Each structure stands twice: as structure tokens, then as C-alpha cells.
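Index from 1, following the sequence. All figures in this text were calculated on a predicted structure; none of them were measured in a lab.
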Amino acid sequence: MKMAHIYLMTLIIIFMIESFFEVKWFAQIRDIFQRSGRITPTKRVQPVIKIETQWSWFSWILLILLFVLPEVYTFLLICIITLIETIIVYELYNARNYAQQINK
């Protein structure tokens, strides 16, 4: 197996793990604000939720492109997808912690 294939599989596994935490933390943020009685999240959390929602749809489009594009672009695309997913998950983690602190 080529080293590039091993690296590609590693990135895909990382993406899948991050996707799990993305869904989990997004649900927790929604739950925190619903339990606190707020109709809408705070101004600090709103952009994170909006970006996550948009990214969720856009990432599906990019994932479908992985099956259509030539192999040369697949490696670059999965790198970009994983990088963006990492940033989104990091922001969701921070937003969740912030939401927990202000709603205690």
C-alpha cells in the first residue's frame, strides 16, 4: 500500500471522528440553550451555529465530489475538508464551553 493511501485513510478516519464530535457538540449547544429558556443563542454563539449549519451542507457536496473527481484532486480535497472540519469542531467546542458557563 502506498504511503499516500495510508495518509489518505488516516485523514478520512480523522474526518469521521471529528464529524461525530461535531454532531454531538452541536446538539449539546442546542440543548443548553433550550434548557436555559433562551429562544436564540447568544451573539457569540450564533455565528458558530450558522457556520456549522452551512458547513454541514457544503461538506456533503465536497464528499460527493470525492467520488467524481480524479484521484489527483481527491488527496487535496480530503486535506481541505479535514482542515475545515477541524476548525469547525474547535469552534463548536469553544461555543459549547461558553454556553455551559453562561447558562449555569
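- With hydrophobic clusters built from ILVMFWY side chains whose heavy atoms lie under 4.5 angstrom apart, Ile84 shares a cluster with Leu76.
- To the nearest 0.5 Å, the span separating NZ on Lys24 from OG on Ser19 amounts to 14.0 Å.
- Between Thr82 and Thr86, the shortest heavy-atom contact is O-OG1, 2.7 Å.
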Q: Report the C-alpha distance between Arg30 and Ile49 in whole Å, list the side-chain angles of each, state the deciding distance to 0.1 Å, and finish with yes or no for side chain to side chain contact (heavy atoms under 4.5 Å, CB included).
A: CA-CA 9 Å; Arg30 289 285 228 218; Ile49 290 175; 3.9 Å; yes

Q.
What verdict does the side chain to side chain contact (heavy atoms under 4.5 Å, CB included) test give for Asn94 and Val48, after you've listed the backbone C-alpha separation in whole Å, the side-chain angles of each residue and the deciding distance to 0.1 Å?
A. CA-CA 9 Å; Asn94 288 335; Val48 175; over 6 Å; no

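- In this structure, SG in Cys79 is found 9.0 Å from CG in Leu83, a value given to the nearest 0.5 Å.
- Ile81 and Ile87 are members of different hydrophobic clusters when ILVMFWY side chains are connected at heavy-atom separations under 4.5 Å.
- Counting non-hydrogen atoms of other residues, nucleotides and ligands closer than 6.0 Å to OH of Tyr93 gives a total of 12 or fewer.
- Gln28 meets the side-chain hydrogen bond (donor to acceptor under 3.5 Å, both in side chains) test with Arg96; sequence neighbours excluded.
- Under the side-chain hydrogen bond (donor to acceptor under 3.5 Å, both in side chains) criterion, Glu52 pairs with no residue, sequence neighbours left out.
- Leu77 is not connected to Ile61 by any chain of hydrophobic side-chain contacts under 4.5 Å among Ile, Leu, Val, Met, Phe, Trp and Tyr, and they are in different clusters.
- In the hydrophobic clustering of ILVMFWY residues, with side-chain heavy atoms under 4.5 Å counting as a link, Tyr90 and Ile29 come out apart.
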**Q.** Pair Ile17-Phe21, side chain to side chain contact (heavy atoms under 4.5 Å, CB included): steps then yes or no
**A.** CA-CA 7 Å; Ile17 292 169; Phe21 283 103; 3.9 Å; yes

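- In this structure a side-chain-to-backbone donor-acceptor pair under 3.5 Å is present from Ser36 to Phe33.
- In this structure, Phe26 and Leu92 approach most closely via the heavy-atom pair CD1-CD2, 4.2 Å.
- Scanning both residues, Ile88 and Glu22, for their nearest heavy atoms gives CG2-OE2, 4.0 Å.
- For the residue pair Ala99 and Ile32, the shortest heavy atom distance occurs at O-CG2, 3.6 Å.
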Q: Report the C-alpha separation of Gln54 and Lys50 in whole Å, then their side-chain angles, then the decisive distance to 0.1 Å, and conclude whether the side chain to side chain contact (heavy atoms under 4.5 Å, CB included) test is met.
A: CA-CA 6 Å; Gln54 292 172 350; Lys50 181 180 178 184; 3.4 Å; yes

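- There is no path of hydrophobic side-chain contacts, each under 4.5 Å, that joins Phe20 to Ile14.
- In this structure, the separation between CG on Leu69 and CD1 on Ile78 is 11.5 Å, given to the nearest 0.5 Å.
- Distance CG/Asn97 to CH2/Trp25: 8.0 Å, rounded to 0.5 Å.
- Residue pairs meeting the ring-ring contact (aromatic ring centres under 6.0 Å, His included) criterion with at least one member in residues 40-69, sequence neighbours excluded, do not occur.
- Residues Leu62 and Leu65 have side chains in contact (heavy-atom distance under 4.5 Å, counting atoms from C-beta outward).
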